[in-house]
Amino acid sequence: MGTKLSIHCRATMSVALVRGADIAIQLIGAAVGAIAFYEAAHAVVIAATAAVFMTQAGGLGALAFGTIQVHRLLVDRQAGSQRATMSARAARRMLIDRINSARGGTLAAWVERVGDASSLNPIERELQRLTELAAPLRGRTARSAEGALREFFRGADQINGLHAGLPAVSDFKGTDITSKGRALSHWIRSVDLLGNIAAPHPEDISINGRMREYGALTEKQLGELSDRRNI
């Protein structure tokens, strides 16, 4: 009887030990699983944080690059505007000198002096350079440069027409005086358009008042003549 009880007790204790060990193993497994889950979650958080950081860094980098580009564009535009201003001032000075030289003397002498290629070519080159400088600036600057070059060519065409028929001895016929006035009016408009790009300074030379009046009077007479022909 005692032996059977002892065997039964040992069997019961073995079962208890086995169950206890099983529970311990389950608890250890749960703990290990919890730790593994935490580490995995922590890794995900770290990765997500790194991704956010990289995204923010990329955004800041793009913003910095964009700011540098905008600054560079502004600097380039300012430099281009300064070059256009200097070119317009140079062309304006040369053109005013040609206009003012029309005062006094004969028309033939003036046409011979300003109608030569050595007199007109430097102005043409400077105005063409100005047009190229002003094109990227657009707006009023570009339009004024194009208009100044166009008016210069119109005036030069009048001068070239007279220069081709320079009289050998005396002055031009009276009817050719109109061509002089028309050439002056075109060049005066060219000078005024250049003033939109390079505002005249007090020390700059200006168009002689008599020449400006002469150009305006010619335009008025031509306008009245055109009106009479259209009646």
Side-chain angles (χ1 to χ4, degrees), residues 70-160 162-163 177-223:
V70 170
H71 176 70
R72 185 173 298 168
L73 288 173
L74 290 175
V75 171
D76 290 345
R77 182 176 179 83
Q78 183 177 8
S81 179
Q82 290 175 347
R83 288 192 293 269
T85 298
M86 293 175 62
S87 178
R89 182 165 285 117
R92 185 174 180 274
R93 177 178 290 274
M94 287 188 290
L95 201 48
I96 290 176
D97 178 71
R98 306 304 191 273
I99 293 171
N100 288 345
S101 66
R103 184 182 182 186
T106 64
L107 173 58
W110 180 69
V111 168
E112 185 175 13
R113 185 166 56 251
V114 302
D116 186 75
S118 62
S119 178
L120 295 178
N121 286 351
I123 305 175
E124 179 181 344
R125 284 195 299 268
E126 194 63 53
L127 286 173
Q128 288 176 336
R129 176 173 178 267
L130 172 61
T131 303
E132 294 174 358
L133 291 172
L137 302 176
R138 302 182 180 181
R140 187 186 187 194
T141 300
R143 291 194 302 271
S144 296
E146 292 172 359
L149 179 61
R150 183 171 56 251
E151 291 298 330
F152 167 76
F153 279 141
R154 289 173 177 172
D157 287 342
Q158 297 291 325
I159 298 298
N160 288 334
L162 293 172
H163 194 268
I177 300 298
T178 302
S179 296
K180 174 185 177 182
R182 187 179 297 174
L184 286 173
S185 65
H186 285 306
W187 283 2
I188 289 171
R189 280 201 294 272
S190 182
V191 168
D192 291 340
L193 287 167
L194 291 172
N196 294 335
I197 304 172
H201 289 172
E203 63 272 15
D204 289 346
I205 62 173
S206 58
I207 297 175
N208 180 275
R210 293 288 298 275
M211 294 298 97
R212 188 176 283 278
E213 291 174 3
Y214 184 67
L217 179 62
T218 302
E219 285 295 297
K220 181 180 178 181
Q221 291 174 343
L222 289 174

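Scope of the values below: all heavy atoms of this structure, side chains included, with no hydrogens, waters or symmetry mates.
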Is the shortest side-chain N to carboxylate O distance from Arg143 to Glu146 below 4.0 Å?
-> no
Test Leu95 against every option in Ile207, Ile188, Ile123 by the side chain to side chain contact (heavy atoms under 4.5 Å, CB included) rule and name the one that passes.
-> Ile123
Compare every heavy atom of Thr141 with every heavy atom of Ile197, then report the nearest pair and how far apart it is.
-> CD1-O, 3.6 Å
Close side-chain approach of Glu124 to Phe153, heavy-atom, < 4.5 Å | yes
Give the minimum heavy-atom separation between Ser87 and Glu126, together with the two atoms involved.
-> OG-OE2, 2.7 Å
Using a 4.5 Å cut-off on heavy atoms from C-beta on, say whether the side chain of Arg212 contacts that of Asp192.
-> yes
Hey, mind stepping through Asn208 and Ile99 against side chain to side chain contact (heavy atoms under 4.5 Å, CB included) and telling me if it holds?
-> CA-CA 8 Å; Asn208 180 275; Ile99 293 171; over 6 Å; no
Is a side-chain N or O of Lys180 found less than 3.5 angstrom from the main chain of Trp110, in a donor-acceptor match?
-> no
Please determine if Arg129 and Glu132 form a salt bridge, counting it only when a charged side-chain N lies under 4.0 Å from a carboxylate O.
-> no
If you draw a 6.0 Å radius around CZ in Arg210, do more than 12 non-hydrogen atoms from other residues or ligands fall strictly inside?
-> no
Decide yes or no for Arg150 and Leu193: does some side-chain heavy atom of the first lie under 4.5 Å from some side-chain heavy atom of the second?
-> no
Close side-chain approach of Ile96 to Asp204, heavy-atom, < 4.5 Å | no
